[in-house]
Amino acid sequence: MERSGTPARFAPTVLATALAFALPGVAQANADLESKIANPKNWAMQAGDMFNQRYSKLKQINVSNVGKLQVAWTFSTGVLRGHEGSPLVIDGMMYLHTPFPNKVFALDLDTQKIVWRYEPKQDPSVIAQMCCDTVNRGLAYAEGKIFLQQADSTLVALDAKSGKVLWSAVNGDPKLGAVNTNAPHVFGDKVLTGISGGEWGVRGFVAAYDMNTGKQVWKAYSTGPDNEMLMDPDKTMTWTDGKMAPVGKDSSLKTWKGDQWKTGGGTTWGWYSYDKATNTVYYGTGNPSTWNPSQRPGDNKWSMTIMARDMTTGMAKWVYQMTPHDEWDFDGINEMILADIDVKGKPTKALVHFDRNGFGYTLDRTTGALLVAEKYDPQVNWATHVDMKTGRPQVVAKYSTQAGGPDVNVKGICPAALGSKDQQPASFDPNTKLFYVPTNHVCMDYEPFQVDYVAGQPYVGATLSMFPAPNSHGGMGNFITWDAGKGKIVQSKPEKFSVWSGSLNTAGGLSCFGTLEGYLKCVDAKDINKELYKFKTPSGIIGNVFTYEHKGKQYLGVFSGIGGWAGIGMAAGLEKANEGLGAVGGYRELADYTQLGGSLTVFALPN
C-alpha cells in the first residue's frame, strides 16, 4: 500500500502555504457542472446536486397524477449483480454504469440507441477482494468527460461523446484489498475518490486528481501521522467539552496501539458533498480494522468520522468522530446532506447525517459544532444517548462486544452491523423541510474472535447473525421522515425488508424509493403513509431513484438488480446463515420475492 514519504512534521513554510490556500470563501465549484445541475431537465450528479439533497424541481409528475405512471422504456445492462447508484442524464444523453466489470453505456434519449460503450478489462480476482458484492455507485460528469471509478481501483476519464479513454490513474492495490465501489465526484477542477477494503485492513484515504490530466493533486489518510492526514494540530478543530477545540498533536497516533493505524481501516467508500461558499468537501470514514475490538485498544481515530476538508489543498478544517473505538462495524460513510434549516429555532447552515450507528446528527457545517444527535430508529439499544458535551455515545455494557470479549456471542444488538441505514442515500425536501430516510430495522448477534493480519486476506475477526428488530412490526425496514432541527421522527412507514434504495423528492410533492422485493414506490411527501404508486420491476431495487425531462416530458427511473450487502446471498450464491457477514441468514426470505437481474426501468405519464 502506498505510504507518504513526507516528513513526520510539516515544515512551517509548507504548512503556512497550505493554510493560506485553505482560507474559506474561495469558490471552486466547476462552472460547467454547475450549469448542468441548474437545469432540472438534467440529472448531472449522483445526488442531483453538490449538497446531496436528492431533490428535483420537476413537477409534471405530481401527487395528483403519479398513479397513472406507466413504463416508458427499459434497458438491460447484461450484468447480474447488485445495481447501486443511478444513471446520469445530461443534454439528451444518458450514461449508465454497471457492477463489475463496470461497463459504461451512453444512450441517445431520442431513440435509446447505444451511442458508445466502454468495458474495462479487469482481473476477475478483484471480485474476491470485494466484501459485500461487486457494486459500483455510479459515474461523474464535467466538461465533456465521464469519470468511472473501477473496482480494480483504476480511475478513468472517458470522452462523453465517443467513450474514448482520455486518462487513467491507479488509486490503490487490489491485491491488498484496496478496491473501489464509490462514485467519483467532481468539485472544481478535481475528481475526488476514496477507497474500500476496511475488511482487509486497508488504510483509508481520499484522493483528489486533476480532472484534465489524472495527476494526483493531494491525498489525505484517515489514520496516522498528522502530515499524512493533512491535519494541522493547531487549526484542525473538533468537538470537545461542549465547544470546538484544536485536535492537537498526533491526534490519531495516540489512539492506536503501536503501528495498528497502518492497517486500521477508516475507508471512504461512501458519498461526498461540497459547499462552494466555503470551498469545503464533506465525507465520512469507515470502520477500524479488525472487527474484534479487543485487539485494537483506543478510540482508533479518525475512523468513524465526519471530515470537512478544504477542496483545494485537502487540509482538514474540522472532524467529528461519531463512534469512538467501534465495536459493531458502524461505518460512518453515509452521505452528508447540506441544508439551510432551523435548528432548535435558529437558522443554521447545517450538515445532516444518518449514521450506521442509528443516530441522526445535525452539525453546523461551517464550524463543525455538534447541534443534534438523536436515534432515528426507536429500536437502537447499543447506546442510551449521545453526550452532547463530549459528543460520545453512552454505550450499554450489555451490548458491548468489547466488554463481552473475544469468543463471547453478544446477543440482541440493535442495529445490526449494516446499520439503521447503510449507504442508501436519504433526500431533503425544501418545501416540507424534512428529510426522507430509507432505513434498516435489523438487529444482530455478534461474536468477535482473534484474527491476524495477512496482507491481501480478509481481516474481520467476528461472526454475525442478523434478524428483524424484535417486538416491532416484524419487518426489516422503515421509510421515515425526520426533523433534523429537533432530532425527531415525524412519520414512519413500515416495510417488509430494509429500504436499500436512495430516495428522491420532487416539486410535484412526491417522495419515491425502491424496495428489496423490486417495487418502485411513490408516496405523498406530506404523508408518507399515503402510497400513491407501486410497480414491481424485474429484480430487487438497491439503486437510487432519479428523474429528468426530455422533449417536454418528465421521466422517473431506477435500476433494479438485487445484491449489495442485504442481497449478497443471492448475488454471490451463499447459503450459510452467517456468510455475507451475517446478511445471508437475515435476508434469506428475499429469494421468495425476487431473483437476480440487471436493468433500468424508466417511467412516464401516458401521452
Side-chain angles (χ1 to χ4, degrees), residues 239 284 287 304-306 320-337 339 341 343-344 350-363 370-401 410-428 434-444 446 466-495 498-500 503 528:
W239 185 254
N287 62 284
M304 306 308 219
T305 296
I306 298 173
Y320 169 64
Q321 188 179 46
M322 296 164 289
T323 313
H325 187 66
D326 171 66
E327 307 173 36
W328 311 270
D329 186 47
F330 291 152
D331 290 51
I333 61 84
N334 294 350
E335 73 285 353
M336 311 296 160
I337 305 174
I341 58 174
V343 179
K344 298 177 180 176
L351 176 152
V352 177
H353 171 77
F354 300 95
D355 198 60
R356 284 246 295 257
N357 70 14
F359 286 87
Y361 294 88
T362 305
L363 292 87
L370 179 64
L371 304 175
V372 174
E374 299 289 346
K375 297 175 183 180
Y376 64 95
D377 186 325
Q379 297 293 113
V380 172
N381 65 13
W382 69 275
T384 56
H385 66 287
V386 172
D387 183 313
M388 294 302 290
K389 191 171 184 181
T390 64
R392 298 179 71 96
Q394 302 303 290
V395 177
V396 176
K398 178 182 178 181
Y399 302 115
S400 167
T401 67
V410 180
K411 296 187 175 184
I413 304 167
C414 303
L418 38 68
S420 295
K421 190 180 88 62
D422 199 18
Q423 61 76 35
Q424 61 270 35
S427 51
F428 171 71
L434 297 176
F435 293 78
Y436 295 73
V437 192
T439 75
N440 310 317
H441 198 52
V442 185
C443 302
M444 68 175 172
Y446 188 116
M466 299 185 188
F467 43 88
N471 305 314
S472 188
H473 56 73
M476 301 178 76
N478 295 298
F479 186 67
I480 71 166
T481 49
W482 177 260
D483 184 330
K486 298 177 180 176
K488 290 184 177 180
I489 298 171
V490 178
Q491 279 189 302
S492 183
K493 172 179 166 55
E495 290 287 344
S498 297
V499 187
W500 209 275
S503 55
I528 60 171

Q | Those residues that, when tested against Val410, pass side chain to side chain contact (heavy atoms under 4.5 Å, CB included) (two or more places apart) | A | Thr401, Ile413
Q) Between Val380 and Ser420, is any pair of side-chain heavy atoms under 4.5 Å apart? A) yes
Q: Name all residues meeting the side-chain hydrogen bond (donor to acceptor under 3.5 Å, both in side chains) criterion together with Tyr436; count only those two or more places apart in sequence or in a different chain, and write none if there are none.
A: Thr432
Q. What heavy-atom pair brings Ala350 and Thr362 nearest, and what distance separates the two atoms?
A. CB-CG2, 4.0 Å
Q) Where do Gly332 and Met304 come nearest, in terms of heavy atoms and distance? A) N-SD, 3.8 Å
(Q) If I take atom OG1 from residue Thr390 and atom CG from residue Asp387, how far apart are they, to the nearest 0.5 angstrom? (A) 3.5 Å
(Q) Does Ser400 form a side-chain hydrogen bond (donor to acceptor under 3.5 Å, both in side chains) with Glu327? I'd like the steps, not just the answer. (A) CA-CA 7 Å; Ser400 167; Glu327 307 173 36; 2.6 Å; yes
Q.
What verdict does the side-chain contact (heavy atoms from CB on, under 4.5 Å) test give for Trp239 and Leu363, after you've listed the backbone C-alpha separation in whole Å, the side-chain angles of each residue and the deciding distance to 0.1 Å?
A. CA-CA 10 Å; Trp239 185 254; Leu363 292 87; over 6 Å; no
Q.
To the closest 0.5 Å, what do you measure between NE2 (His353) and CE (Met336)?
A. 4.5 Å
**Q.** From CA spacing to verdict: side-chain contact (heavy atoms from CB on, under 4.5 Å), Val396, Asn381
**A.** CA-CA 7 Å; Val396 176; Asn381 65 13; over 6 Å; no
Q. Any side-chain heavy-atom pair from Phe428 and Val352 closer than 4.5 angstrom?
A. no
Q) What residues form a salt bridge (charged side-chain N to carboxylate O under 4.0 Å, His left out) with Glu335, not counting sequence neighbours? A) Lys421
Q: Only counting residues at least two apart or in another chain, list the ones meeting side-chain hydrogen bond (donor to acceptor under 3.5 Å, both in side chains) with Thr481.
A: none
Q.
Please check: side-chain N/O of Gln491 versus main-chain N/O of Ile528, any donor-acceptor pairing under 3.5 Å?
A. yes
Q | ring pair (Phe, Tyr, Trp, His ring centres under 6.0 Å) partners of Tyr376, counting only residues at least two apart | A | Phe354
Q.
Within this structure, what is the CE-CZ distance for the pair Met476 and Phe467, rounded to the nearest 0.5 Å?
A. 10.0 Å
Q | Distance-minimising heavy-atom pair for Ser427 and Ser503 | A | OG-OG, 2.9 Å
Q) With His441, which residues qualify under side-chain hydrogen bond (donor to acceptor under 3.5 Å, both in side chains), at least two apart? A) Asp377, Ser472, Asn478
Q) Who are the salt bridge (charged side-chain N to carboxylate O under 4.0 Å, His left out) partners of Lys389, not counting sequence neighbours? A) Asp241
**Q.** Contact check, side chains of Leu434 and Asp483, non-hydrogen atoms, under 4.5 Å
**A.** yes
Q) What closest approach, in Å, do Leu371 and Lys344 show between heavy atoms, and which atom pair accounts for it? A) O-NZ, 3.1 Å
Q: Taking ring pair (Phe, Tyr, Trp, His ring centres under 6.0 Å) as the test, write out the residues that go with Trp382, two or more places apart.
A: Trp328, Phe330
Q: Could you tell me which residues satisfy salt bridge (charged side-chain N to carboxylate O under 4.0 Å, His left out) with Asp329, sequence neighbours excluded, listed by chain and number?
A: Arg356
Q. Nearest 0.5 Å, what's the CZ-OG1 distance between Phe479 and Thr439?
A. 9.5 Å
Q. What's the spacing between Leu370 CG and Tyr320 OH if we round to 0.5 Å?
A. 4.5 Å
Q) side-chain hydrogen bond (donor to acceptor under 3.5 Å, both in side chains) between Asp331 and Gln423: does it pass, once the steps are laid out? A) CA-CA 9 Å; Asp331 290 51; Gln423 61 76 35; over 6 Å; no
Q. Going through the checks in order, is the side-chain contact (heavy atoms from CB on, under 4.5 Å) test met by Trp482 and Ile489?
A. CA-CA 5 Å; Trp482 177 260; Ile489 298 171; 3.8 Å; yes
**Q.** Ala383: partners by side chain to side chain contact (heavy atoms under 4.5 Å, CB included), with sequence neighbours left out
**A.** Phe359, Pro393
Q: Under the side-chain hydrogen bond (donor to acceptor under 3.5 Å, both in side chains) rule, collect the residues that match up with Tyr361, sequence neighbours excluded.
A: Asn357
Q. With Lys493, which residues qualify under salt bridge (charged side-chain N to carboxylate O under 4.0 Å, His left out), at least two apart?
A. Glu495, Glu531
Q) Rounded to the nearest 0.5 Å, what separation is found between the CE atom of Met322 and the CD1 atom of Ile306? A) 4.5 Å
